[in-house]
Number of protein chains: 2
Amino acid sequence: MRIGTLAAAAGLSAKTIRFYEQAGLLPAPPRTAAGYRDYPAEAADRLAFIRDAAAAGLSLAEIRGVLTIRDARQPPCRHVTTLIETHLEHVEQRIADLLITRTALQGLHRRARAVDPADCGPEGICRILTTTA
Amino acid sequence: MRIGTLAAAAGLSAKTIRFYEQAGLLPAPPRTAAGYRDYPAEAADRLAFIRDAAAAGLSLAEIRGVLTIRDARQPPCRHVTTLIETHLEHVEQRIADLLITRTALQGLHRRARAVDPADCGPEGICRILTTTA
DNA sequence: GTAAACCTTCCAGCGTGCTGGAAGGTCAAG
DNA sequence: CTTGACCTTCCAGCACGCTGGAAGGTTTAC
């Protein structure tokens, strides 16, 4: 399977696949006599995993961490558990941050609807945002 | 008011203030005879506005949009309201994505605790993760 | 008078996740 | 045989929001 076929199958560009290889997310595949990358079918699964994990918001570094340990073929279950816990903490922290942001935005939005545009004044700073510090 | 004083007042670095000027968020102030930036007191208000809007998660481009309209002496309230609504949607989408990720990680974590490390087998791929890929 | 703390400009890079282009080699169809 | 689609490598840059450093000029404090 050449890179273009794999790219089409995974819904990514060939460029992105080479980038993932370079970034250590996808192992370098064997090459044809002409030097073309020749992927096994499993590569599509791996790329699908990467794509989904990335879509879910994991950074490539996080995904790489999961894949690296998986690829080690050792049973480092405790390591994996720790890794998962760490990822979970990061995700929960991000959620917490975003909830704070959301609350702030909802406050701004409430105020925005309450303010009469004519009220902003010719020189005044828009009240919606300035009162929010 | 020189840049260092303003920076201290606004809780930003002098570098950041120069960057904001370069980015079109802060107008270029008059200069002293020696070429030093000499800010009026209002600059601190403007920077506070920028800081607060950024803290609420608006991008510098979005803030610039608000400021540009404000500087044109038009009431930006409706624009700001729309901006907030759009941004709120993005944040909520992001939160929803992260909640899905969190659920997935929690499931992984439960499975990790349930698996006996000896169970992973010498040649098998660790089960915790493979069932997820 | 001198040393430190400040200011100026410009150029460079961080990290993230790609994307584009140039210059060249290879493969399949007509 | 030629055309065009595909592949290779490498180098470059996008956006984002700064941050650091070099090389110089100025102001302030002792």
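Small disclaimer: the values here were computed from a predicted structure and weren't measured. Labels below follow one simple rule: chain letters A, B, ... track the order of the sequence lines, proteins then strands, and each chain is numbered from 1.
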Can you tell me how far [atom2] of [N] sits from [atom1] of [X], to the nearest Å?
X: I63(A); N: dT16(C); atom1: CD1; atom2: C1'; answer: 12 Å
X: R51(B); N: dG17(D); atom1: CZ; atom2: P; answer: 16 Å
X: L47(B); N: dG17(D); atom1: CG; atom2: C1'; answer: 15 Å
X: R37(A); N: dT26(C); atom1: CZ; atom2: C1'; answer: 15 Å
X: R31(B); N: dC7(C); atom1: CZ; atom2: P; answer: 12 Å
X: E21(A); N: dT19(C); atom1: CD; atom2: P; answer: 16 Å
X: M1(A); N: dC27(C); atom1: CE; atom2: P; answer: 19 Å
X: I17(B); N: dC6(C); atom1: CD1; atom2: P; answer: 14 Å

For residues 4-12 of chain A, please give each side-chain donor-acceptor pair under 3.5 Å, one per line with the distance, not counting sequence neighbours.
none

Q. Going hydrophobic residue to hydrophobic residue with side-chain gaps under 4.5 angstrom, can you get from M1(B) over to Y36(B)?
A. no

Q: Kindly give the heavy-atom pair with the smallest separation between Y39(A) and R2(A), and that separation in Å.
A: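 Result for this residue pair: CD1-C, 4.3 Å.
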
Calculate, to the nearest 0.5 Å, the distance between atoms [atom1] and [atom2] belonging to [X] and [Y] respectively.
X: F49(A); Y: L67(A); atom1: CZ; atom2: CG; answer: 5.0 Å
X: E92(A); Y: L99(B); atom1: CD; atom2: CG; answer: 9.5 Å
X: E42(B); Y: L47(B); atom1: CD; atom2: CG; answer: 12.0 Å

Q.
So R18(A), base contact, sugar-phosphate only, or nothing? Heavy-atom distance under 4.0 Å.
A. base

Q. Side chain to side chain contact (heavy atoms under 4.5 Å, CB included) with A61(B): which residues, sequence neighbours excluded?
A. S59(B), R64(B)

Using residues 14-31 of chain A as the side-chain source, report each donor-acceptor pair under 3.5 Å to any protein atom, sequence neighbours left out, with the distance given to one decimal.
unit_1, atom_1, unit_2, atom_2, d
T16(A), OG1, S13(A), OG, 2.8
E21(A), OE1, R37(A), NE, 2.8
R31(A), NH1, G35(A), O, 2.8

Q. For the side chain of D38(A) and the backbone of T32(A), is there at least one donor-acceptor N/O pair under 3.5 Å apart?
A.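 No, because the side chain of D38(A) does not come within donor-acceptor range (under 3.5 Å) of the backbone of T32(A).
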
Between the protein and nucleotides 18-21 of chain D, which nitrogen or oxygen pairs are less than 3.5 angstrom apart?
unit_1, atom_1, unit_2, atom_2, d
dC18(D), OP2, Y20(B), OH, 2.8
dT19(D), OP2, T16(B), OG1, 2.9
dG20(D), N7, K15(B), NZ, 3.1
dG20(D), O6, K15(B), NZ, 3.2
dG21(D), O6, K15(B), NZ, 2.1

Q: Could you run through nucleotides 25-30 of chain D and give me one letter per nucleotide, 5' to 3': B if any protein heavy atom sits under 4.0 Å from the base, S if only the sugar-phosphate is that close, - if neither?
A: BBS---

